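A quick note: this is a predicted structure, and the numbers were derived from the prediction, not measured.
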Amino acid sequence: MASRQSIAGTQGTSVRRFWPLAAAAVIVGVAAAYNWVAALAIVAGVLLLGFAFLDVSALVMGLLLLHMLGQPWHLSWASLSFGGANIYPNDVLVILLLGVVLQRWARSGAIPGSPGDAVGWSVALFLAYGVLSLARSIPLHGWMAFLGFRQQIAYAILFFLVLAVMHGRPSRKRLLAVILIAAAGVGVNGIANLIAGKPYGWQTSSRTFRYLSSFQAMTLFFGLSLILGGIWSRRRPLWSYILAGLCLFGILISQARSVWIAGVAGLLAGCLGSSWWRRVVLRLAIPAGIAVAILIATGGVEIGFDISKRAASLANVQEDVSWVWRLFVWGEALEKLSASPILGLGLGQSFVYFDPVRGIWERDRQIHNTYLELAYYVGAIGALLYLLFQALVLHRLLRAARRLGRHPRAALLSGLASCQVCLMGVAFANVVGASMTATIYTWILGAIAILEVRDAERDLPAG
């Protein structure tokens, strides 16, 4: 009798579980029939909410994955409109994390302390100065000042929020794993684009085609750096060689010269931070061979010639259309900025210039230099505070890595330093700070770097 009741209870439980799952499957199926992106968003949203109850840092990981994998489809710009204001995924993350942190403070009854170190103070000053710039800009540019503040300044608060929710090492390890997963996805996307003959965007200034974007190439470099520092310092499994080769392959077919140059500088910074990294650079010969093998296997011999042509253009940048255009735009921006170099022209100010080639006034182009673009809006003070933050994070990483010597954690810190150098390098030729996709990379990776440094410094002997 008892066994029959047990069986009946089990069947009842199974039925109760079946209907919610069936309903969810129908919803996802209907969404997929209309739009596979919507179906993916539903599944990802449910999974994220589930994981968030266990570990709120899953929200940070989910947003990074969205940005890194969804960049070709502009998923970072997906928005909901409330009263004319668009809410983007970045805004949702800030709101949710801020709510969690405030709830924790309310429960503990603790009053938040000072930023604690020079890195934290640089971010606090950047945010405070941004608020002052916003107050100055509102009479000049109205509602556009708020939009500029959100894009250029407000997301810096993610640095403190990530510090608060990712202080546990397991959550940071999972975030680094997410970056590796994103790198694998981007690399496979590059292979698919090459086989299908589907280039990304228009021809480059060298009259060649690229098969991944610059921001996708950045994701690949982050993955490569973490393989070299976070994986190879402990072991060298076969999959890591394959993934490193896939990353190199994707970086090459992206033909993103800014990432090529910044990536080399990042690897050199890693070598300076850890003597162990010099051997790592030599071991890159294996992934390089894998990258060449992938290129040949996908029938990409022609793209190999395009890559060579693109690389050769670096020796003659003074005649390169893209470089000449950047110099012209930077000159136009500096000329306008000369009216208020210290405080800038105000958040929300449009960048307008006359294009002598097309014979029209351009109003929708960006300045393609994160630091100059930030200075254009909030002046030299804001740009220097932003650069100071990056420099301080890099200094902390390299100093801790040198003190750790041959400890495996030193290699991870050097890998994170490579990521920082790549970010800084790309920012000089692209719009990292004005991209909804990449604007949070600086703050999230900076927070992860500082948390890793703090853990490492606690393990160091006194003196």
Open item on the list: Is there a side-chain contact between Thr204 and Arg257 in this structure, where contact means two heavy atoms from C-beta onward sitting under 4.5 Å apart?
Closed with: no
Task: Heavy-atom closest contact (Ala145 atom, Leu134 atom, distance) - done: O-CD1, 3.5 Å
- [ ] Please tell me if the side chains of Met68 and Val178 come closer than 4.5 Å, counting only heavy atoms from C-beta onward.
- [x] no
- [ ] Might you work through the side-chain contact (heavy atoms from CB on, under 4.5 Å) test for Ser240 and Ile231, ending with a clear yes or no?
- [x] CA-CA 7 Å; Ser240 68; Ile231 306 298; 3.9 Å; yes
- [ ] Check whether the side chains of Gln216 and Ser254 place a donor and an acceptor atom closer than 3.5 Å, and report yes or no.
- [x] no
Task: Nearest-0.5 Å distance, CD1 of residue Ile440 to CD1 of residue Ile444 - done: 3.5 Å
TODO: Verify side chain to side chain donor-acceptor pair (under 3.5 Å) between Gln71 and Tyr200, making sure each step is shown before the conclusion.
DONE: CA-CA 11 Å; Gln71 194 267 332; Tyr200 183 92; 3.3 Å; yes
Open item on the list: For a ring pair (Phe, Tyr, Trp, His ring centres under 6.0 Å) check, start with the C-alpha distance between Trp443 and Tyr155, then their side-chain angles and the critical distance, and finish with the verdict.
Closed with: CA-CA 8 Å; Trp443 309 114; Tyr155 293 133; 9.7 Å; no
Task: Option from Val186, Leu423, Asn430 for which side-chain contact (heavy atoms from CB on, under 4.5 Å) with Met218 holds - done: Leu423
Task: Rounded distance (nearest 0.5 Å) linking atom CG of Leu252 with atom CG of Leu295 - done: 8.0 Å
- [ ] State, with a plain yes or no, whether a side-chain heavy atom of Leu343 is found less than 4.5 Å away from one of Val378.
- [x] no
- [ ] Work out which heavy atom in Leu413 is nearest to a heavy atom in Leu397; give both atom names and the distance.
- [x] O-CD2, 3.8 Å
Open item on the list: Quick one about Arg310 and Ser206 (side-chain donor to acceptor, distance below 3.5 Å, no hydrogens or angles considered), yes or no?
Closed with: yes
Task: Any side-chain heavy-atom pair of Leu175 and Ser171 under 4.5 Å - done: no
Open item on the list: Any non-hydrogen side-chain atom of Val329 less than 4.5 Å from a side-chain atom of Phe351?
Closed with: yes
- [ ] Check step by step if side-chain contact (heavy atoms from CB on, under 4.5 Å) holds for Ile303 and Leu194.
- [x] CA-CA 9 Å; Ile303 190 64; Leu194 184 57; 4.0 Å; yes
Open item on the list: Does this structure show an ion pair linking Arg396 with Glu452, if we count only N-O contacts that are shorter than 4.0 Å?
Closed with: no
- [ ] Begin with the C-alpha distance, continue with both residues' side-chain angles, and end with the deciding distance and a verdict on side-chain contact (heavy atoms from CB on, under 4.5 Å) for Leu398 and Arg402.
- [x] CA-CA 6 Å; Leu398 294 178; Arg402 283 195 297 269; 3.8 Å; yes
TODO: Say whether Ser137 and Tyr377, considering side chains only, have a donor N or O and an acceptor N or O under 3.5 Å apart.
DONE: no
Open item on the list: Is the shortest side-chain heavy-atom distance between His67 and Phe215 below 4.5 Å?
Closed with: no
TODO: Consider only side-chain N and O atoms of Ser205 and Asp320, and report whether a donor and an acceptor are under 3.5 Å apart.
DONE: yes
Open item on the list: Can you confirm whether Trp325 is buried at CH2, in the sense that more than 12 heavy atoms of other residues, nucleotides or ligands lie under 6.0 Å from that atom?
Closed with: yes
Open item on the list: Pairing donors with acceptors under 3.5 angstrom, does anything connect the side chains of Thr437 and Ser76?
Closed with: yes
TODO: For the pair Arg210 and Asp306, find out whether any cationic side-chain nitrogen is under 4.0 Å from an anionic carboxylate oxygen.
DONE: no
Open item on the list: Quick check: closest heavy atoms across Gly130 and Leu347, and the distance to 0.1 Å?
Closed with: O-CD1, 4.1 Å
Open item on the list: Nearest 0.5 Å, please: how far is CE in Met166 from CZ in Arg174?
Closed with: 7.5 Å
TODO: Calculate, to the nearest 0.5 Å, the distance between atoms CG and SG belonging to Leu228 and Cys247 respectively.
DONE: 9.0 Å
Open item on the list: Surrounding CZ of Phe305 (heavy atoms of other residues, nucleotides or ligands, distance under 6.0 Å), is the total greater than 12?
Closed with: no
TODO: Measure across Leu392 and Ala118 and return the closest heavy-atom pair with its distance rounded to 0.1 Å.
DONE: CD1-O, 3.5 Å
Open item on the list: Can you confirm whether Arg207 is buried at CZ, in the sense that more than 12 heavy atoms of other residues, nucleotides or ligands lie under 6.0 Å from that atom?
Closed with: no
Open item on the list: For the residue pair Ser435 / Thr439, report whether a side-chain donor-acceptor contact shorter than 3.5 Å exists.
Closed with: no
Task: Donor-acceptor under 3.5 Å (Arg136 side chain, Val131 main chain) - done: no
- [ ] Indicate, with yes or no, if the rings of Trp361 and Tyr353 have centres closer together than 6.0 Å.
- [x] no
Task: Heavy-atom pair of closest approach, residues Pro341 and Ser338 - done: CD-O, 3.5 Å
Open item on the list: Is it the case that over 12 heavy atoms from other parts of the model lie below 6.0 angstrom from the CD atom of Glu302?
Closed with: no
Open item on the list: Is it the case that the ring center of Trp330 lies less than 6.0 angstrom away from the ring center of His368?
Closed with: no
Task: Phe249 to Gly187 - nearest heavy-atom pair and separation - done: CE2-O, 4.4 Å
TODO: Measure from the side-chain N and O atoms of Glu373 to the backbone N and O of Ile367, and report whether any donor-acceptor pair falls under 3.5 Å.
DONE: yes
Task: Donor-acceptor pair, side chain of Lys336 and main chain of Gly331, under 3.5 angstrom - done: no
- [ ] Keeping the roles fixed (side chain from His141, backbone from Leu345), state whether a donor-acceptor pair exists under 3.5 Å.
- [x] yes
- [ ] Apply side chain to side chain donor-acceptor pair (under 3.5 Å) to the pair Thr442 and Tyr386, showing each step before the final yes or no.
- [x] CA-CA 10 Å; Thr442 300; Tyr386 181 78; 3.2 Å; yes
Open item on the list: For a 4.5 angstrom cut-off between non-hydrogen side-chain atoms, does Pro287 reach Leu248?
Closed with: yes
Task: side-chain contact (heavy atoms from CB on, under 4.5 Å) evaluation trace for Thr219 with Leu69 - done: CA-CA 9 Å; Thr219 297; Leu69 290 181; over 6 Å; no
Task: Interatomic distance, Ile179 atom CD1 to Leu224 atom CG [nearest 0.5 angstrom] - done: 12.5 Å
Open item on the list: Can a donor-acceptor pair be found, under 3.5 Å and without considering hydrogens, that links the side chain of Asn193 to the backbone of Tyr211?
Closed with: yes
TODO: Indicate whether the side chain of Gln420 and that of Tyr441 have a donor and an acceptor atom separated by less than 3.5 Å.
DONE: no
TODO: Measure centre to centre between the rings of Phe126 and Phe389, then say whether the value is under 6.0 Å.
DONE: no
Open item on the list: Strictly distance-based, threshold 3.5 Å: is any side-chain N or O of Ser133 a donor or acceptor partner for the main-chain N or O of Tyr129?
Closed with: no
Task: Flag side-chain contact, heavy atom, 4.5 Å: Arg454 against Leu163 - done: yes
TODO: Flag the pair Trp143 / Phe146 as yes when their ring centroid distance falls below 6.0 Å, and as no otherwise.
DONE: yes
Open item on the list: Using a 3.5 Å distance criterion without hydrogens, assess whether the side chain of Trp260 forms a donor-acceptor pair with backbone atoms of Ile251.
Closed with: yes
Task: Distance in Å, Leu132 CG paired with Ile153 CD1, rounded so as to fall on 0.5 Å steps - done: 10.5 Å
TODO: On the 0 to 90° scale, with breaks at 30° and 60°, tag the Tyr371-Phe428 ring pair as parallel, tilted or perpendicular.
DONE: tilted
